[in-house]
Amino acid sequence: MHIVIAGAGIGGLTAALSLHAAGFEDVTVHEAAPEIRPLGVGINLLPHAVRELTELGLADRLAGIGVATAELAYFNRYGTPIWSEPRGLAAGYAWPQYSVHRGRLQLLLLEAVTERLGPDAVRTGSRITGPGDEDLLIGADGIHSAVRAHLYPGEGPPPWNGLVLWRGVTYGEPFLTGRSMIMAGDGTQKFVAYPIEAGDRTLINWIAERPLDGEAPDRGNWNRPADLAEIGRHFAGWRFDWLDVPGVIAGAETAYEYPMVDRDPLPRWTFGGVTLLGDAAHAMYPIGSNGASQAIIDARVLAYSLARGDLAAYEDLRRPVTTALQLSNREMGPEVVMKLAHERAPGGFDDIEQVIPYAERAEIAASYKRTAGFDPASLSEQPSWSVDRSTDRSAAS
């Protein structure tokens with residue numbers, strides 16, 4: 001079976017590794033860029049995605065490039081705690097949660113693909129715009145997917161919700177546990193920070209978010225430079241006992257601007273010998289740390305389904321889940337606790353229990369885990385997507 005993957009991002013490269021592990025030998029990845037470089041800033045890999053990379057034999061390499069997240073904590077715009085919870089191993093998962101540099105993860109996957117599938121498996125400077133003579137074309141070419149545009153030619157640009165994200169990295173002092181991921185805000189303006197390199201001077205990945213006046217430029221372009229002084233002006237008063245937000249922003253060498261866009265859920269991903277994966281299938285707002293994680297799971301389920309000769313099962317299993325997640329992220333997912341705290345106590349509070357009772361906060365967090373597929377109990381019970389090649393040989397030839 002001749003398989004072509006359009007896009008050498010995290011989803012496309014994981015798909016190549018998963019297909020190879022499932023017994024498919026004739027797999028090539030085509031990347032439009034002339035060179036794969038470690039672009040981007042930090043992302044999070046949730047335990048269900050780390051499980052899949054572990055089953056691909058990448059656990060040790062992943063541990064070498066990431067910081068194992070210890071907790072996730074939400075605060076209001078004054079730095080007062082709203083909700084915190086342990087993450088990864090500290091939360092009882094069998095797999096860690098990692099904060100990593102996106103580019104380093106991409107290069108890790110690229111190295112593994114080259115080792116296992118051969119040096120010619122990834123072809124750069126090769127843009128795929130539609131099906132050719134392959135048996136299966138997998139569109140893993142991102143939010144501006146040419147393969148998706150071939151299937152849905154009238155869709156147009158990604159819709160924008162009026163917010164802008166500014167992203168950067170800064171060396172600074174560790175904060176809270178030293179492995180904490182924090183979000184502070186009021187539902188409209190927000191600051192996120194977490195370490196992607198640990199040590200005495202930790203590398204802090206940060207995201208600043210607020211409404212943008214005027215029309216959004218370059219929707220879906222993560223690499224548009226931004227003005228650090230302008231970003232800092234909007235967060236000038238955000239100095240907490242445990243984190244100096246304007247200081248973190250000012251300490252970056254550069255920052256990038258990204259209008260918050262996604263894609264509308266699709267009624268169908270697969271048409272004959274063409275299907276979609278990752279952002280090409282279900283680009284979502286960067287809420288809840290799910291973009292890369294869901295692409296990794298897509299790749300694993302796709303390979304498993306193909307090995308059983310049932311491509312339709314891939315979409316049946318994945319499209320309802322990711323559609324629900326796209327819609328949940330449009331409603332702010334678990335980050336809605338910051339919005340609720342601001343609406344109910346705009347001037348701040350002394351006792352969060354009087355503003356959002358514990359049971360309500362806990363259910364918001366648990367509900368999102370169920371929607372995204374990383375509820376601890378359910379994940380432990382989820383059968384492996386690894387293919388037993390002694391029994392699943394029918395489609396891999």
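The shown structure was predicted, so the numbers you read here are calculated from the model rather than taken from an experiment. What you see below is based on every heavy atom in this structure, not just the backbone, and it leaves out hydrogens, waters and symmetry mates.
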Any side-chain donor paired with an acceptor under 3.5 Å for T170 and W206? yes

Quick one: does any side-chain atom of R263 pair with a main-chain N or O of H282 as donor and acceptor, under 3.5 Å? no

Under a 3.5 Å threshold, yes or no: a donor from one side chain and an acceptor from the other, between E230 and H234? yes

State whether R330 and D264 are salt-bridged, where the test is any N-O pair (Lys NZ or Arg NE/NH1/NH2 against Asp/Glu carboxylate O) under 4.0 Å. yes

Is the closest side-chain donor-acceptor distance between T322 and Q294 under 3.5 Å? no

Does the S145 side chain pair with the main chain of V147, one donor and one acceptor, at a distance under 3.5 Å? yes

Output, in order, the C-alpha distance, side-chain angles, deciding distance and verdict of ring-ring contact (aromatic ring centres under 6.0 Å, His included) for W83 and Y358. CA-CA 9 Å; W83 170 259; Y358 176 85; 5.6 Å; yes

Assign the ring pair Y304 / W385 to parallel, tilted or perpendicular, where the plane angle (0 to 90°) is split at 30° and 60°. perpendicular

State whether a side-chain donor-acceptor pair under 3.5 Å links S384 with E55. yes

Can you confirm whether the side chains of S99 and N44 place a donor and an acceptor under 3.5 Å from each other? yes

Please determine whether a side-chain nitrogen of the Lys or Arg among R201 and E173 lies less than 4.0 Å from a carboxylate oxygen of the Asp or Glu. yes

Verify whether one side chain among D26 and H2 offers a donor that lies under 3.5 Å from an acceptor in the other. yes

Side chains of N290 and Y285: do they bring a donor and an acceptor to under 3.5 Å? no

State whether a side-chain donor-acceptor pair under 3.5 Å links S328 with T371. no

Hey, are E315 and R268 close enough for a salt bridge, meaning a charged N less than 4.0 Å from a carboxylate O? no

Checking N205 against H101: is there a side-chain donor and acceptor pair closer than 3.5 Å? no

Taking NZ, NE, NH1 and NH2 as the nitrogens, is one of them in R370 or D375 under 4.0 Å from a carboxylate oxygen of the other? no

Under 3.5 Å side-chain donor-acceptor pair for T124 and E35: no

Considering residues, nucleotides and ligands other than D351, do more than 12 of their heavy atoms fall under 6.0 Å from its CG? yes

Charged N-O contact under 4.0 Å between E360 and R344: yes

Side-chain H-bond candidate by donor/acceptor type, R300 with S386, under 3.5 Å: yes

Looking at Y314 versus W269, is the centre-to-centre ring distance below 6.0 Å? yes

Could you go through the side-chain contact (heavy atoms from CB on, under 4.5 Å) check for L45 and L105 one step at a time? CA-CA 10 Å; L45 293 177; L105 175 61; 3.8 Å; yes

Checking side-chain contact (heavy atoms from CB on, under 4.5 Å) for the pair F349/T80: CA distance, chi angles, key distance, verdict? CA-CA 8 Å; F349 53 84; T80 308; 3.5 Å; yes

Please answer: with hydrophobic residues joined when any side-chain heavy atoms are less than 4.5 Å apart, are F75 and I287 in the same cluster? yes

Near-ring test F240/W242, centroid separation under 6.0 angstrom: yes

Below 6.0 angstrom between ring centroids: does that apply to W238 and Y78? no

